[in-house]
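Heads up, the thing below is written out as structure tokens.
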Amino acid sequence: MPEIRFPDGASRSYPDGVTGFDIAEDISKSLAKKALAVEVDGELRDLKRPVEADSEIRIITARDPEGLELIRHDAAHVLAEAVQELFPGTQVTIGPVIEDGFYYDFAREEPFSTEDFEKIEAKMAEIVDRDEDIVREVWDRDEAIKYFKSIGEEYKAELIADLPENEVISIYRQGEWLDLCRGPHLPSTGKLPKAFKLMKLAGAYWRGDHRNAMLQRMYGTAWADEKALKAHLNRIEEAEKRDHRKLGKEMNLFHMQEEAQGQVFWHPNGWTLYRALQDYMRRRQDEGGYKEIRTPQLMDRKFWEESGHWGKYRENMFISSIEEEDKVLAVKPMNCPCHVQVFNQGQKSYRDLPLRLAEFGSCHRYEPSGALHGLMRVRGFVQDDAHIFCREDQITDEVKKFCSLLQRVYTDLGFDDVKVRYADRPEVRVGGDEIWDKAEKALKTAADATGLDVLYEPGDGAFYGPKLDFVLRDAIGREWQVGTIQADFNLPERLDATYIGEDGEKHRPVMLHRAILGSFERFLGILIENYAGAFPMWLAPTQIVVATITEDAADYAREAADTLRKAGLRVETDLRNEKINYKVREHSNAKVPYIAVVGNREAEEKNVALRAFGEGGKKQEVISLDDAVTRLSGEALPPDLKTS
RNA sequence: GCCGCAGUAGCUCAGUGGUAGAGCGCACCCUUGGUAAGGGUGAGGUCGAGAGUUCAAUUCUCUCCUGCGGCACCA
């Protein structure tokens, strides 16, 4: 007679062999109907498995996160059953739950096509309608292997063979179909809400290894009800509207073309944005005690051999040569070795440290063609890079300073949700334990002091030192790894960087590699998507458009625009022979922060009718041109120059 | 790099085995209109590149290039 305790503290005893379903039914008929699984002492189980011992249980429905996972997991199984029914000879492999849905990897000679989706979805619905009982069975390992081999499921057989010795081999049967699975599952296929949709088709390597066969992966999404599915599809649509590649074209920010794969042609609008961001970063860095430098693009192969890049990073480097000189040069993929060269000029004293060398360093890396993605992953980019050369005992202080600078910048740029990832020593590494101890302690202390959420990733540091990575969450919840600070005990050694200490002896400085934005290209991509193109005034390529109602106001419009321009604002005029409605619509669509409408009335009084973007438009205000200059030029100041 | 899909006007896209079409944009004309699309006329295309099948290819087949979605990669 197991004694069952419920989440609300109540408890009851039930006869032996009682199942989660029985208990749910005992509570209420409607709960039994909605029940998907049961959590027994924290472990998720099938509804129909007997609860043997005294335990605490919770009935899981579609409202619980666990319930949603079960739904997605079952959707994957139903998909697999549907596919095997429709396409005999297809082998099943794995089908896990992922964020917002699931996928299933199939092995089949002929390719699937998205045109098959409709048919497969219909078959899935049919399987749901059949309401097949989903039954758990425990099999003998060898028998299971034999069985799956006998029906031609080589991948499944391999999976079972690779399971640990003591693992229970559970098989789930739904109707005629069965699959190896840890479970748990819904009680029957009829419990799967018809709120699923197949989304896309892609190739994926068996077990994620590119040396293995390529399988065909079907992605799907599944939800508790149709409303949730619709909401999800809506979110996808919203995200597509923000796509920086789409907005980049619409707003005439940049373009890319095949002759310069993975490299950006910045248009005037985009370059204005770029410059605004770079100018801002430059001021923040100057303020933070950095010295800006500029180093060469092309360096001799011998140099990269010394730095170690030729050995380790060769396949990512663009190589150049010139017949006349019989030399091989490489385009720099990173700035660090060059910065060490600057450090190495002349003799450095401990008094020179910390030395913070910054460069908006243009780098090129050969990225595999399949990795390229708009501004987010490019082959030519500019880093907001800097290297801090310091003594070991200065690491803590420098990392802390960096963290506060970085937080300042992220806040200014509109990102409030930031996380830190702290990664310490990997198995294979350079440098003694003593210095790793120091550096790890410094990074960890600084990370904790930021007040941000810290994720610990043991063993995930670089071979040359521990690191902190910073992750932003954007307006629609996506995460981006941007900033980083990494201690490096290796490069100063390789490139023989030294300083003279208080003791008059030569010492090795520690080098801190750090970036806040990462690359301007990628960060601008993130900014475009975060703001959905509606930039704050200081970043907006065009800050204000002066638009005329009729031709009569053209002279005044020019005069007003000049006045605003002289106050440092980025102003355009729209004197076209078009109706004001048309102009307002066009500039609103272009997300220009302000439209100053001028007609005869404004011209006579030296006023402007100001219309701010995004306020429903109705909040227009007629103010004097002078007031507009004061107000707008104040509003257009970058965050670091604003007094308030 | 691997798998799948795609490439037609400046943009978004329709279409066909007999050398192409829409909307927007652009140019010109009419209209001078007070806060999210006024009207008319017109220009604009080697239908991604190459090869093959065919009397005939933008359309079918193959190769390549580029893009997109994943996978792998991102020290």
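Just so we're on the same page: letters track the sequence lines, and every chain starts at 1. Source: prediction; values computed, not measured.
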>> Quick check on side chain to side chain contact (heavy atoms under 4.5 Å, CB included): which of T548(A), V545(A), V597(A), I595(A) does K583(A) satisfy it with?
In response: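 With K583(A) as partner, T548(A), V545(A), V597(A), I595(A) yield a single side chain to side chain contact (heavy atoms under 4.5 Å, CB included), made by T548(A).
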
>> With no hydrogens and no angle check, just 3.5 Å: does a side-chain donor-acceptor pair link T484(A) and Q486(A)?
In response: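 Per modelled atom types, T484(A) and Q486(A) side chains form a pair under 3.5 Å.
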
> How about D385(A) and N335(A): does a side-chain donor come under 3.5 Å of a side-chain acceptor?
Replying inline: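 Side-chain D/A pair, D385(A) to N335(A): present.
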
For the aromatic rings, using the six-membered ring if either is Trp, is the centroid distance between [X] and [Y] under 6.0 Å?
X       : Y       : result
W271(A) : F254(A) : no
F360(A) : F520(A) : yes
H255(A) : F265(A) : yes
F112(A) : F87(A)  : yes

[X] has an atom [atom1]; how far is it from atom [atom2] of [N], in whole Å?
X       : N       : atom1 : atom2 : result
N589(A) : rU12(B) : CG    : C1'   : 15 Å
E621(A) : rU35(B) : CD    : C1'   : 15 Å
N600(A) : rG33(B) : CG    : P     : 9 Å
R576(A) : rA37(B) : CZ    : C1'   : 11 Å
R379(A) : rC74(B) : CZ    : C1'   : 13 Å
I236(A) : rC68(B) : CD1   : P     : 18 Å
K583(A) : rG33(B) : NZ    : C1'   : 10 Å
M376(A) : rG69(B) : CE    : P     : 11 Å

N or O in side chain of [X] less than 4.0 angstrom from [N] OP1/OP2:
X       : N       : answer
Y582(A) : rG25(B) : yes
Y219(A) : rC71(B) : yes
H373(A) : rG67(B) : no
T114(A) : rC5(B)  : no
R245(A) : rG69(B) : yes
K246(A) : rC11(B) : no

Work out how far the [atom1] atom of [N] is from that of [M], and round it to whole angstrom.
N       : M       : atom1 : answer
rU59(B) : rG17(B) : C1'   : 6 Å
rG48(B) : rA37(B) : P     : 36 Å
rG38(B) : rU58(B) : P     : 40 Å
rG10(B) : rC26(B) : P     : 15 Å
rU54(B) : rA72(B) : C1'   : 42 Å
rC13(B) : rU8(B)  : P     : 9 Å
rG21(B) : rU16(B) : P     : 14 Å
rC62(B) : rC5(B)  : P     : 11 Å

Where the side chain of [X] is defined as all heavy atoms beyond and including C-beta, which of [options] is the nearest nucleotide?
X       : options                   : answer
P368(A) : rG4(B), rC73(B), rG25(B)  : rC73(B)
I580(A) : rG34(B), rU32(B), rA72(B) : rG34(B)
R585(A) : rA36(B), rG34(B), rA75(B) : rA36(B)
A202(A) : rG4(B), rG70(B), rG34(B)  : rG70(B)
K249(A) : rU32(B), rC11(B), rG1(B)  : rC11(B)
K200(A) : rA75(B), rC74(B), rG70(B) : rG70(B)

>> Which is more 5' along RNA chain B, the nucleotide nearest P111(A) or the one nearest G599(A)? Just name the residue.
In response: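 Counting from the 5' end, the first nearest nucleotide belongs to P111(A).
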
> Starting at the 5' end of RNA chain B, which residue's closest nucleotide do you reach first, P333(A) or D552(A)?
Replying inline: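 Comparing both residues, the 5'-ward one is D552(A).
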
Do [X] and [N] have a side chain to base donor-acceptor pair shorter than 3.5 Å?
X       : N       : answer
Y205(A) : rG1(B)  : yes
Y313(A) : rA75(B) : yes
R611(A) : rA36(B) : yes

> Centre of F463(A)'s six-membered ring, under 6.0 Å away, within 45 degrees of the axis: is that where NZ or CZ of K312(A) sits?
Replying inline: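 Verdict for F463(A): a cation-pi partner in K312(A).
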
>> Under 6.0 Å from the ring centre and within 45 degrees of the ring axis: does the NZ or CZ of R314(A) meet both conditions for the six-membered ring of W304(A)?
In response: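 Relative to the ring axis of W304(A), which defines the angle, R314(A) lies outside at least one limit.
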
Determine the contact category for [X]: base if any of its heavy atoms lies under 4.0 Å from a base atom, sugar-phosphate if only primed atoms, P, OP1 or OP2 are that close, otherwise nothing.
X       : answer
N316(A) : nothing
A609(A) : base
Y103(A) : nothing

>> Contact list please: residues 250-268 of chain A against RNA chain B, heavy atoms, distance less than 4.0 Å, in numerical order.
In response: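 The answer is E258(A), Q261(A).
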
>> Near RNA chain B, counting only heavy atoms under 4.0 Å, which residues of residues 208-217 of chain A show up?
In response: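 Those residues are G208(A), H210(A), M214(A), R217(A).
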
Provide the Watson-Crick or G-U wobble partner of [N], both distances under 3.5 Å; none if there is no partner.
N       : value
rC62(B) : rG50(B)
rG67(B) : rC5(B)
rU19(B) : none
rU41(B) : rA27(B)

> Which residue, N212(A), D162(A), D105(A), forms the side-chain hydrogen bond (donor to acceptor under 3.5 Å, both in side chains) with R207(A)?
Replying inline: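 Only match with R207(A) under side-chain hydrogen bond (donor to acceptor under 3.5 Å, both in side chains): D162(A).
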
> Do you know which two heavy atoms are closest between E110(A) and Q216(A), and how far apart they sit?
Replying inline: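 Of all heavy-atom pairs spanning E110(A) and Q216(A), the closest is O-NE2, 2.9 Å.
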
> Hey, mind stepping through R217(A) and Y219(A) against side-chain hydrogen bond (donor to acceptor under 3.5 Å, both in side chains) and telling me if it holds?
Replying inline: CA-CA 6 Å; R217(A) 176 172 296 178; Y219(A) 284 90; 3.2 Å; yes

>> Going by salt bridge (charged side-chain N to carboxylate O under 4.0 Å, His left out), E586(A) matches just one of K579(A), K591(A), R576(A). Which one?
In response: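 The salt bridge (charged side-chain N to carboxylate O under 4.0 Å, His left out) with E586(A) is passed solely by R576(A) among K579(A), K591(A), R576(A).
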
